[in-house]
Student: 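One structure follows; several queries about it will come next.
Source: prediction; values computed, not measured.
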Amino acid sequence: MEWSLTAFLFTLGVCLASLIVAGATERKRKDDKEWFANLKHPDNAFLLKALYVVGFIFFPMFGFILYTAFVASDIVSIVLATSVIVIMGFSPLLKYKTRNLSLFFYVMLVLPVITIALIIFLFQTNIVSAILAIVFMLWLVYDLSYYYRLMKLNKAL
């Protein structure tokens with residue numbers, strides 16, 4: 001894979017913008033964190049701190065995916081990967097501003113559809129990126145099942 005300054009700057013810009021939105025939402029509201037912590041959580045839920053670790057892993061992982069798609073000039077993968085990064089960046093804002101678990105869950109259901117499409121396109125251009133997207137998809141299955149159980153426990157269905 002060749003080095004591309006344009007691809008790097010585009011990837012960096014998308015990831016940083018999403019990370020800033022996600023981080024600003026997470027830091028700003030102590031009462032939002034208390035609201036979420038006071039919900040009834042499923043028994044096998046990860047600790048909230050583990051979610052932050054996953055968030056920090058997500059951005060470099062999808063940054064790599066986006067960068068390689070950009071270098072390969074794979075427009076569809078660029079659009080799909082950018083969409084995933086932007087949705088993930090805005091997800092804390094959606095969750096905490098609305099405090100509506102059902103709305104959050106149903107909006108987030110678009111991610112598996114986009115990710116599956118991304119995986120299909122990545123297999124044609126970059127196997128390593130496709131495997132990383134599959135790893136994200138596995139996490140997403142857990143994450144969405146967690147939020148579904150969270151909705152049920154808190155009668156948000």
Student: Quick one: does Ser145's side chain have a donor or acceptor within less than 3.5 Å of a partner on Tyr142's backbone?
Tutor: yes
Student: Atom CD1 of Ile78 and atom CZ of Phe10: how far apart are they, to the nearest 0.5 Å?
Tutor: 6.5 Å
Student: Rounded to the nearest 0.5 Å, how far does OG1 of Thr11 lie from CD1 of Ile85?
Tutor: 7.0 Å
Student: What are the two closest non-hydrogen atoms of Leu153 and Pro42, and how far apart are they?
Tutor: CD1-N, 3.4 Å
Student: For this output row, return yes or no: ring centroids of Tyr147 and Phe105 closer than 6.0 angstrom.
Tutor: no
Student: Salt bridge check: are Lys97 and Asp32 linked by an N-O gap of less than 4.0 Å?
Tutor: no
Student: Does Leu39 offer a backbone N or O that forms a donor-acceptor pair with the side chain of Asn154 under 3.5 Å?
Tutor: no
Student: I need the minimum non-hydrogen distance between Lys40 and Leu150, along with the two atoms involved.
Tutor: O-CD1, 3.1 Å
Student: Just by distance, do the side chain of Tyr67 and the backbone of Ser4 share a donor-acceptor pair under 3.5 Å?
Tutor: yes
Student: Could you grab the distance from atom CD1 of Ile134 to atom CG of Leu140, nearest 0.5 Å is fine?
Tutor: 13.0 Å
Student: Can you tell me how far apart CD1 (Ile65) and OG1 (Thr115) are? Round to the nearest 0.5 Å.
Tutor: 8.5 Å
Student: What I want to find out is whether Arg149 reaches Asp43 closely enough, with some N-O distance under 4.0 Å, to be called a salt bridge.
Tutor: no
Student: Considering all heavy atoms of both residues, which atom of Lys95 and which atom of Phe36 are nearest to each other, and what is their separation?
Tutor: CD-CE1, 4.0 Å
Student: Check for me whether the distance between the ring centres of Phe136 and Trp139 falls short of 6.0 Å.
Tutor: no
Student: Show the nearest heavy-atom pair for residues Phe104 and Ser91, with the distance to one decimal.
Tutor: CE1-O, 3.4 Å
Student: Using every non-hydrogen atom in the two residues, find where Cys15 and Phe59 come nearest and quote the distance to one decimal.
Tutor: SG-O, 3.8 Å
Student: Please check this pair: side chain of Asn126 against backbone of Leu122, looking for a donor-acceptor N/O pair closer than 3.5 Å.
Tutor: no
Student: About how many Å separate CD1 of Ile119 and CD1 of Ile131, when rounded to the nearest 0.5 Å?
Tutor: 10.5 Å
Student: Indicate the atoms forming the closest heavy-atom contact of Tyr106 with Met151, along with that distance.
Tutor: OH-CE, 4.4 Å
Student: Side chain to side chain donor-acceptor pair (under 3.5 Å) with Ser129: which residues, sequence neighbours excluded?
Tutor: Thr68
Student: About how many Å separate CZ of Phe58 and CG of Leu19, when rounded to the nearest 0.5 Å?
Tutor: 10.0 Å
Student: Under 6.0 Å from the CZ atom of Phe70, do we count more than 12 heavy atoms belonging to anything else shown?
Tutor: yes
Student: On the 0 to 90° scale, with breaks at 30° and 60°, tag the Tyr146-His41 ring pair as parallel, tilted or perpendicular.
Tutor: parallel
